[in-house]
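Some notes on the structure that comes next.
Sequence lines set the chain letters: A, B, ... in the order given, protein chains first and strands last, and positions in each chain run from 1.
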Amino acid sequence: MPRPERRFWLFKSEPESYSIDDLKRDGRTFWDGIRNYQVRNFLRDDVRVGDGVLFYNSNADPMAVTGTMTVVSAGYPDHTQFDPRAKHYDPASREDSPTWFMVDVEFERRFDPPVTRDMLKCHAGLAGMGVLQKGSRLSVTPVTAEEWRIIHQIAGVSDGPAKKLRRTKT
DNA sequence: GCCAACGTTGGC
DNA sequence: GCCAACGTTGGC
């Protein structure tokens with residue numbers, strides 16, 4: 001059976017909190033702390049293993065796409081919602097019906113230099129990107145295959161997976 | 001640091 | 001169910 005077509009996303013992170021270099025060091029991480037229902041629905045229902053993700057630095061200098069990652073797990077409950085010491089603890093959420101979900105991601109490649117927000121804004125083909133829309137605060141937004149291709153072209157790297165995707169148990 | 005744009009909360 | 005108040009996000 002053919003692999004379903006690869007889809008693409010942009011995930012925001014404040015690099016002071018977690019950066020592409022942190023991910024390169026860790027190799028793989030869980031994308032926790034999402035507390036927005038629209039984004040929750042993306043993570044729970046739409047993000048799939050093998051999808052490509054742009055790593056975007058928000059609240060940073062410069063604001064930029066600093067690299068890419070690969071989704072390596074489907075959505076599953078974010079355990080930090082149950083932890084009273086966690087920053088994003090949600091006392092209203094119950095373990096038997098979790099409110100918040102997360103996915104696991106794996107480092108794919110680092111963009112050197114990064115593709116800055118200014119560069120994104122300069123390219124007519126990227127004008128529709130969620131992250132560029134005025135007032136957009138979603139920390140996860142869909143990216144089209146064309147936007148993915150253009151950004152890799154700007155970065156000067158191939159837009160295929162950086163390495164063969166590890167086969168994961170399902 | 002400012003503030004516009006949002007999402008959430010809670011009184012009614 | 002409305003909506004004002006509030007807190008947060010995040011670009012500028």
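Separating the CD atom of A:E16 from the P atom of C:dT9 is a distance of 14 Å, rounded to the nearest angstrom. Between the NE2 atom of A:H88 and the C1' atom of C:dG7 there is a distance of 14 Å, given to the nearest Å. One interatomic measurement links the two molecules: CG of A:L132 to P of C:dG11, which rounds to 10 Å at whole-angstrom precision. Look at CG on A:L138: it is 10 Å from P on B:dC6, rounded to the nearest Å. Look at CG on A:D90: it is 18 Å from P on B:dG7, rounded to the nearest Å. Between the CZ atom of A:R35 and the P atom of C:dG10 there is a distance of 15 Å, given to the nearest Å. The distance from atom OH of A:Y56 to atom C1' of C:dT9 is 12 Å, rounded to the nearest whole Å. Nucleotide C:dG11 holds its P atom 12 Å from the CE atom of A:M129, rounded to whole Å.
With C:dG10, C:dC12, C:dG11 as the choices, the nucleotide that has an atom nearest any side-chain atom of A:S139 turns out to be C:dG10. Between B:dG7, B:dC6, C:dG10, one nucleotide has an atom nearer to the side chain of A:R137 than all others, and that is B:dC6.
Note on A:K12: a side-chain N or O is less than 4.0 Å away from OP1 or OP2 of C:dG10. At least one side-chain nitrogen or oxygen of A:K134 sits closer than 4.0 Å to the OP1 or OP2 atom of B:dA5. One finds no side-chain N or O of A:Y37 lying less than 4.0 angstrom from the OP1 or OP2 phosphate oxygen of B:dC6. Contact between the side-chain N/O atoms of A:R117 and the OP1/OP2 oxygens of C:dG10 is not found at any separation under 4.0 Å.
Residue A:D78 holds its CG atom at 4.5 Å from CZ of A:R35, rounded to the nearest 0.5 Å.
With salt bridges taken as basic N to acidic carboxylate O contacts below 4.0 Å, one links A:R28 and A:D104.
For the side chain to side chain contact (heavy atoms under 4.5 Å, CB included) test with A:E14, the passing option among A:S19, A:S139, A:S58 is A:S58; the others fail.
The stretch residues 19-50 of chain A participates, sequence neighbours left out, in these ring pair (Phe, Tyr, Trp, His ring centres under 6.0 Å) pairs: A:W9-A:F42, A:F11-A:W31, A:F30-A:H79, A:W31-A:F55, A:Y37-A:W100.
No more than 12 heavy atoms of other residues, nucleotides or ligands sit less than 6.0 Å from atom CZ of A:R94.
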